[in-house]
Amino acid sequence: MTKEKTAISPTRAEDYSEWYQQVVKAAEMAEHSPVRGCMVIKPWGYALWENIQRELDDLFKATGVRNAYFPLFIPLSFLEKEAEHVEGFAKECAVVTHHRLEKGPDGGLVPAGKLAEPLVVRPTSETIIGDAFSKWVSSYRDLPLLINQWANVVRWEMRTRIFLRTSEFLWQEGHTAHATSEEAVERTKLMLDIYAELAENYLAMPVIKGRKSAAERFPGAVDTLCIEALMQDRKALQAGTSHFLGQNFAKASQIRFQSAQETEEYAWTTSWGASTRLIGGLVMTHGDDDGMVLPPKVASAHVVLLPIFRKEAEKGQVMEYTHKLAKELRGSTYNGRPVRVEIDERQTGGARNWDWIRKGIPVRAEIGPRDIAEDSVFMGRRDNSPKEKKSVKREAFVRGLGQTLDQIQDALFQKALAYRKEITCNIDAKEDFYEFFTPKNADLPEIHGGLAMSHWCGEAACEAGIKEDLTVTIRCIPAENEIIEGRCICCGKESRERVAFSKAY
RNA sequence: CGGGGCGUGGCGCAGUCUGGCAGCGCGCCUGCUUUGGGAGCAGGAGGUCGGAGGUUCAAAUCCUCUCGCCCCGACCA
């Protein structure tokens with residue numbers, strides 16, 4: 001039996017982690033930098049982030065959120081204001097202690113000019129934004145205050161993975177202040193809905209909306225909501241979070257306002273974020289053994305035109321036809337944005353085609369003299385086999401492109417959804433639960449497990465025990481959960497709902 | 001931060017055990033051939049072998065230190 005040749009080696013089944021690295025590299029999305037744990041995001045990958053940014057930004061603004069920018073550096077004393085918060089982040093903070101370099105005895109540069117107060121490179125900005133909010137809010141008429149910032153943050157991670165967990169990453173962090181608890185809770189849910197909308201309708205990534213258990217909650221939050229997506233190795237990825245912070249940070253930062261009843265109150269705040277981690281999620285949701293697969297709505301480019309000519313005499317005609325087609329496509333729109341078109345003039349035969357398959361572009365269109373004679377293009381779709389290509393009349397190609405892209409978008413979502421269903425199951429017996437999450441081959445674990453919907457009594461000890469035994473955690477308590485009597489998967493005590501258990505990134 | 005693995009041209013790797021001219025495949029450049037496809041032939045460019053120090057007549061290879069990446073834990077978006 002000969003193995004089908006794949007563009008990426010190893011395949012997902014052979015070595016998922018290595019496959020992931022190879023796809024990121026082969027699709028030219030990002031590479032490692034000389035700085036430990038930090039990546040260089042390359043144009044093909046950064047375009048994804050730009051598209052995510054644009055989409056999220058529109059969704060935020062439609063709910064009244066405005067953008068602002070706060071400092072990269074946070075005074076150490078600010079971080080100390082909220083006890084749980086500082087405890088949660090202290091271990092992964094990068095700290096700036098000096099502000100000047102001087103020539104040292106060996107000729108190298110050494111830090112000089114020690115700072116009076118060390119500055120923490122923001123791991124998140126609740127405290128410094130809280131400080132600003134305390135000045136901006138004095139009356140209930142100043143509320144709600146709805147602010148977002150697009151920024152980089154630094155968390156000094158023990159173990160990094162490109163896009164999924166890097167020391168520095170890009171994200172947005174929204175911060176809001178409200179007059180009432182109810183309104184803040186409402187905002188927390190609204191932003192989670194926006195993340196779910198982005199994930200499902202834009203990234204074609206099915207997600208489960210839910211609430212974190214106390215153990216998984218954001219440090220300092222009263223409640224953490226999240227969307228969880230399932231990757232092709234059956235592990236869950238937290239793809240967005242929205243926190244209800246109660247009055248914890250308002251008290252820490254003195255965000256107070258005078259109410260309509262002339263009483264002084266602490267504001268109720270929220271924060272919510274999504275990061276470049278989503279790009280890693282795209283790779284692991286849609287990528288296949290031939291490389292990246294990009295959902296059209298977020299794709300760095302929608303179509304690549306591949307002109308084919310052999311003799312110089314043909315070149316002029318083919319290139320003219322190609323550029324004219326590109327111009328026409330770029331003048332049309334998809335999902336409210338101009339169609340993004342690449343032209344690859346390299347004459348490397350089939351290898352060129354495979355480059356674009358690896359990069360995951362949704363549509364490839366080959367244009368040679370024979371096509372031009374028939375006023376057609378030879379089209380291939382990334383959601384089909386690489387060999388499956390067909391001749392399409394130029395006019396039909398242009399007119400039908402939007403529909404084609406919609407079909408691909410939908411096909412990717414449906415495929416991901418079907419996979420999630422396949423690896424999700426209700427498990428009620430502890431023995432079955434342990435078997436579900438235990439690989440058959442302990443030395444070289446195969447892809448196993450999935451999402452187990454199982455009963456949990458609510459005790460932290462049960463949650464911790466399962467994490468200890470299986471490295472399985474409660475990803476979330478689903479938002480739209482049925483009340484069903486059952487027995488805790490760990491201790492057997494009474495439980496009224498199932499929660500989502502899985503291994504996670 | 002503990003345990004393990006790996007750093008050799010853009011990518012994938014051999015060479016390291018046993019020290020002796022830095023190699024192979026793919027990609028890249030040039031030419032010819034081919035011509036609806038992951039092309040063939042010929043020629044060519046590109047690497048202070050992750051870095052520093054040491055042993056030696058001689059180090060990719062041996063020793064010490066160090067940096068980075070990957071995997072498994074602990075921690076986390």
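All values derive from a computational prediction rather than experimental measurement. The chains referred to below are lettered A, B, ... by the order of the sequence lines, with proteins before strands, and numbering in each begins at 1.
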Which whole number of Å gives the distance between the [atom1] atom of [N] and that of [M]?
N     : M     : atom1 : answer
B:U61 : B:G9  : P     : 15 Å
B:G40 : B:U34 : P     : 15 Å
B:G68 : B:G51 : C1'   : 10 Å
B:C28 : B:A45 : C1'   : 8 Å
B:C72 : B:U16 : P     : 30 Å
B:A52 : B:C67 : P     : 15 Å
B:G47 : B:G12 : C1'   : 15 Å
B:A58 : B:C21 : P     : 15 Å

If [N] has a Watson-Crick or G-U wobble mate with both distances under 3.5 Å, name it; if not, just say none.
N     : value
B:A22 : none
B:G37 : none
B:G27 : none
B:A60 : none
B:A14 : none
B:G73 : B:C1

Can you identify which nucleotide, out of [options], has its nearest atom closest to the [X] side chain?
X        : options             : answer
A:Trp354 : B:G38, B:G36, B:C69 : B:G38
A:Ala351 : B:C28, B:A39, B:C1  : B:A39
A:Phe378 : B:C71, B:G36, B:G38 : B:G36
A:Thr471 : B:C69, B:A74, B:G36 : B:A74
A:Pro369 : B:G36, B:C75, B:C71 : B:G36
A:Met158 : B:C28, B:G12, B:C1  : B:C1
A:Arg161 : B:C71, B:G36, B:G73 : B:C71
A:Arg159 : B:C72, B:C11, B:A74 : B:C72

- Item | RNA chain B: 5'-proximal contact among A:Lys467 and A:Lys389 (nearest heavy atom) |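 First, find each residue's nearest nucleotide; the 5'-ward one identifies A:Lys389.
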- Query: Taking for each residue the nucleotide of RNA chain B bearing the nearest heavy atom, is the 5' side occupied by A:Lys91 or by A:Gly37?
  - Reply: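 It is A:Gly37 whose nearest nucleotide is closer to the 5' end.
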- Message: Quick check: any donor-acceptor pair below 3.5 Å linking the side-chain of A:Arg36 to the base of B:G68?
- Response: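 Counting by modelled atom types and ignoring angles, no donor-acceptor contact under 3.5 Å is found here.
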- So does A:Asp355 reach the base of B:G38 with its side chain, donor to acceptor, closer than 3.5 Å?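 Between B:G38 and A:Asp355, which were checked side chain against base, a qualifying N/O pair under 3.5 Å is absent.
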- Item | Heavy-atom closest pair, residues A:Ile447 and A:Gln232 |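 For A:Ile447 and A:Gln232, the tightest heavy-atom pair comes out as CG2-O, 4.0 Å.
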Give the ring-plane orientation class for [X] versus [Y], where under 30° counts as parallel, over 60° as perpendicular and anything between as tilted.
X        : Y        : answer
A:Phe433 : A:Phe501 : perpendicular
A:Trp268 : A:Phe244 : parallel
A:Phe169 : A:Trp171 : perpendicular

Can you check the [X] [atom1] to [N] [atom2] distance for me, whole Å?
X        : N     : atom1 : atom2 : value
A:Asp469 : B:G73 : CG    : P     : 13 Å
A:Arg364 : B:G36 : CZ    : P     : 18 Å
A:Glu314 : B:U34 : CD    : P     : 14 Å
A:His448 : B:C72 : NE2   : P     : 11 Å
A:Glu388 : B:G37 : CD    : P     : 16 Å
A:Tyr505 : B:C70 : OH    : P     : 13 Å

Hey, is the side chain of [X] poking within less than 4.0 Å of OP1 or OP2 on [N], counting only N and O atoms?
X       : N     : result
A:Gln21 : B:C69 : no
A:Lys25 : B:G12 : yes
A:Gln22 : B:G12 : yes

Mind checking if [X] touches a base, just sugar-phosphate, or nothing, with heavy atoms under 4.0 Å?
X        : value
A:Phe89  : nothing
A:Thr276 : nothing
A:Thr348 : sugar-phosphate
A:Leu164 : base
A:Thr166 : base
A:Thr241 : nothing
A:Arg358 : base
A:Arg155 : base
A:Gln347 : nothing

- Query: Hey, is A:Lys209 close enough to A:Asp193 for a salt bridge, meaning N to O under 4.0 Å?
  - Reply: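 A:Asp193 and A:Lys209: salt-bridged.
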- Task: Determine, for A:Lys359 against A:Asp290, whether the closest basic-nitrogen to carboxylate-oxygen distance falls under 4.0 angstrom.
- Result: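 Between A:Asp290 and A:Lys359 there is no salt bridge, as every charged N stays at least 4.0 Å from the carboxylate O atoms.
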- Task: May I ask you to check if A:Lys324 and A:Tyr321 form a cation-pi contact, with NZ or CZ under 6.0 angstrom from the six-membered ring centre and within 45° of the axis?
- Result: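 That pair does not qualify as a cation-pi contact.
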- For a side-chain hydrogen bond (donor to acceptor under 3.5 Å, both in side chains) with A:Lys61, tell me which candidate from A:Asp57, A:Thr63, A:Asp58 qualifies.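 So, applying the side-chain hydrogen bond (donor to acceptor under 3.5 Å, both in side chains) to A:Lys61 and each of A:Asp57, A:Thr63, A:Asp58, only A:Asp57 qualifies.
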- Message: Between A:Asn201 and A:Leu198 (side chain of the first, backbone of the second, donor and acceptor by atom type, cut-off under 3.5 Å), is there such a pair?
- Response: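 Not a single qualifying donor-acceptor pair exists.
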